[in-house]
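The structure appears below as structure tokens.
Along the sequence shown, residues carry numbers from 1.
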Amino acid sequence: MADPLNDRDQVTAALSVAAEEARAYLADIDSRAVLDPGAEELIHGWADPMPEDGDGTLAAVRDLAARGQEAATRSSGPRFFHFVMGGGTPAALAADWLTAVFDQVAFGWASSPMAARLEQVAADWLRQLFELPEEFGGVLTSGATLANFAALAAARGWWAEQRGVDVDQEGLSTLPPPPILASGYIHPSAIQAIGMLGMGQANVERFRRDAAGRLDVGALESRLRELGGPAIIVASAGEVNAGDFDPIERMADLAEEYGAWLHVDGAFGLFARVAPEARELTAGVERADSVIADGHKWLNVPYDCGFAFVREPARLVRTFNVGAPYLPSPDDPRPNPGFLAPENSRRARAFAVWATLRAYGRAGYREMVERHLRVARHLGERVDASPQLERLADVKLNILCFRARPEGTPEEELDKFNRELGEALLRDGRVFAGTTSYEGKVAFRPAIVNWRTQEEDVDLLVDVLLGLLEARRPAA
């Protein structure tokens, strides 16, 4: 088998195999281990030579499916709490299949009117979901890192403009380092974006008032007063260790008073705006100059998807618009999302976003988020009820931060103990929840965002941990 043209009559059969294997994979995803025992050894054992002629379409698809059934991490299932990762709702998953079939280039109207228009609609639906002002314009990205990149690129352009420089044309060489101010909660993806934009990761100033990284508001205000000029403030809506929030409303007050740009990184926490009981955590987001979030977290669309909103979307066009004789004119009134973000080769991520919002609407997402908040509180109750576990932070949203604290274990040994327990939990494979460092303590921080997750799934997490603890108890 050489030229794929020779196998063109196998397309339907290949899709049928893929559908059968997908049904088999999803049939027991609610009950099967996140990672099967022996999967890592199996993966390390793959050393296939590159084929010269190839074995044909069906052989390749069946081989991949067989390997996936044995070795794929079931991160789209209900018990993957290791990172803040959702799954794919039924509507989003089906739409993602069609995305691959239609294979639209979502750069602009000229490459795909359908993809361009649906991205425009999907972005505005997301704006409405989060109740952002109408002047905000949105664009889809591959995730929070590029969403932060796009939004902070707009912030960089604004900051340079205050100093009389068109940074997109002239660069940063004639400018001093831009002041970028944040709490200790600022996420590495924002730091990464700042570095890629040439603003310097070392220029991020963190104003912490405690070991967790909470914002020292007084120190931030003093710094803004000292600067006496434009600055960029980064606020975190949902910190990854405990789900905590910066005081966004107060930061918006300071940004307004001192003429700063306020950027809100709401990778998952922005969804608190959907649930009335948690909405107050996001007060002030609507006053920001830019806001970002992930789609492959709480929106539950397949990887990869993120989105950025900017109050003055024309700033994105000035930064990312590319000119070429074969591309649309910058004055083209039709939607051209490729002019709003750094990717020119763009998958039609809007199809899954549009489909899931069309399927479940605002009410469906409100109910899902509220269910997850209940599940997180239930997990907190289970942890509090166990004398061998210790909760380290309040349950603000959907993340619980806790550690094992077996009776008789010295404080100085707890970090090593919890690190080893975390490794044992991942090797066990039934439930995934990794460890982190919170206030200098090694801890677990399971995050609940998957649309399938229910109370019994977090119950299993506690039961497995307690079982592993019991197995580690020295014999009497």
Side-chain angles (χ1 to χ4, degrees), residues 22-23 26-27 29-30 74-81 84-100 102 106 114-115 117-132 136 138-141 143-144 147 237-238 266-279 281-282 285 291-307 309 347-376 397-398 447-458:
R23 280 192 288 268
L26 295 172
I29 198 170
D30 287 342
R74 286 167 172 76
S75 51
S76 57
R79 292 180 306 285
F80 186 95
F81 308 122
V84 190
M85 291 171 58
T89 64
L93 177 58
D96 200 61
W97 280 22
L98 290 175
T99 301
F102 296 153
M114 176 186 181
R117 175 57 179 156
L118 273 186
E119 180 158 345
Q120 184 183 52
V121 172
D124 194 61
W125 282 5
L126 287 167
R127 181 195 64 78
Q128 294 177 52
L129 180 69
F130 301 122
E131 299 182 22
L132 297 175
F136 274 81
V139 65
L140 301 185
T141 67
F268 66 91
L270 189 61
F271 283 81
R273 291 180 73 78
V274 177
E277 66 184 276
R279 182 180 170 82
L281 293 168
T282 68
V285 164
V291 181
I292 71 97
D294 264 322
H296 50 237
K297 289 185 170 64
W298 230 333
L299 190 65
N300 277 263
V301 298
Y303 267 75
D304 53 18
C305 181
F307 37 90
F309 295 99
R347 194 169 190 268
R349 302 181 183 101
F351 294 176
V353 174
W354 180 90
T356 198
L357 292 174
R358 174 74 170 80
Y360 314 111
R362 184 189 305 275
Y365 275 92
R366 181 177 63 247
E367 290 175 16
M368 182 187 69
V369 171
E370 289 175 337
R371 167 165 54 87
H372 287 158
L373 300 186
R374 291 194 301 271
V375 171
L397 196 66
N398 63 324
I448 299 155
V449 292
N450 188 285
W451 67 275
R452 297 173 179 268
T453 301
Q454 302 180 67
E455 287 187 2
E456 56 262 35
D457 299 304
V458 297

_Partner residues of R74 under the salt bridge (Lys or Arg N to Asp or Glu O under 4.0 Å) criterion, sequence neighbours left out_ = none

*Considering all heavy atoms of both residues, which atom of A447 and which atom of V84 are nearest to each other, and what is their separation?*
CB-CG2, 3.7 Å

*Would you say L26 and L93 make side-chain contact, with heavy atoms under 4.5 Å?*
yes

*Hey, what do you get for CZ (F271) to CG (N300), rounding to the nearest 0.5 Å?*
8.5 Å

*Ignoring hydrogens and geometry, is there a side-chain-to-backbone donor-acceptor pair from R362 to L129 under 3.5 Å?*
yes

*asked:* Could you work out, with side-chain contact (heavy atoms from CB on, under 4.5 Å) as the rule, every residue matching E367, not counting sequence neighbours?
replied: none

_Residue pair I29 / R79: nearest heavy atoms and the distance that separates them_ = O-NH2, 4.1 Å

*Could you list the residues that satisfy side-chain contact (heavy atoms from CB on, under 4.5 Å) with V285, not counting sequence neighbours?*
L132, I248, V264, L270, R273, T282, V291

*Please identify each residue that fulfils salt bridge (Lys or Arg N to Asp or Glu O under 4.0 Å) with R127, with sequence neighbours left out.*
D124

*According to the interplanar angle, ranging from 0 to 90°, do the rings of F309 and F130 count as parallel (below 30°), tilted (30 to 60°) or perpendicular (above 60°)?*
perpendicular

_As an exercise, state the distance from CZ of R347 to SG of C305, rounded to the nearest 0.5 Å._
10.0 Å

*Could you tell me which residues satisfy ring-ring contact (aromatic ring centres under 6.0 Å, His included) with F80, sequence neighbours excluded, listed by chain and number?*
F432

*With W451 via ring-ring contact (aromatic ring centres under 6.0 Å, His included) - residues at least two apart*: none

*asked:* According to salt bridge (Lys or Arg N to Asp or Glu O under 4.0 Å), who are the partners of E370, at least two apart in sequence or on a separate chain?
replied: none

*Taking only residues two or more places apart in sequence, or in another chain, which ones meet R358 in a side-chain contact (heavy atoms from CB on, under 4.5 Å)?*
W125, W354

*If we only count heavy atoms from C-beta on, is the R349 to F307 side-chain gap below 4.5 Å?*
no

*asked:* I need the I448 CD1 to W298 CH2 distance, nearest 0.5 Å.
replied: 8.5 Å

*Output yes when a side-chain donor or acceptor of Y360 lies under 3.5 Å from a complementary backbone atom of A91, and no otherwise.*
yes

*Looking only at heavy atoms, which two atoms of A122 and V353 are closest? And how far apart?*
CB-CG1, 3.8 Å

*asked:* Using only atom types and a distance under 3.5 Å, with no angle test, would you say the side chain of T99 pairs donor to acceptor with the backbone of A95?
replied: yes

*asked:* Is there a side-chain contact between M85 and N450 in this structure, where contact means two heavy atoms from C-beta onward sitting under 4.5 Å apart?
replied: no

*Would you say the side-chain atoms of T453 pair up with the backbone N or O of P78, donor to acceptor, closer than 3.5 Å?*
yes

*Would you please name every residue forming a side-chain contact (heavy atoms from CB on, under 4.5 Å) with A123, sequence neighbours left out?*
none

*Pairwise distance CE(M368) to OG1(T89) - rounded to 0.5 angstrom*: 8.5 Å

*Between the main-chain N or O of A144 and the side-chain N or O of D294, is there a donor-acceptor pair closer than 3.5 Å?*
yes

*Using the test ring-ring contact (aromatic ring centres under 6.0 Å, His included), find all partners of Y365 that sit at least two apart in sequence or belong to another chain.*
none

*Check the pair L299, L126 against side chain to side chain contact (heavy atoms under 4.5 Å, CB included), reporting the backbone distance first and the verdict last.*
CA-CA 10 Å; L299 190 65; L126 287 167; 4.2 Å; yes

*Listed by chain and number, what are the side-chain hydrogen bond (donor to acceptor under 3.5 Å, both in side chains) partners of R371, not counting sequence neighbours?*
none

*Residues that R374 engages under salt bridge (Lys or Arg N to Asp or Glu O under 4.0 Å), provided they are two or more places apart*: none

_Heavy-atom check, side chain of D457 versus side chain of V375, under 4.5 Å_ = no

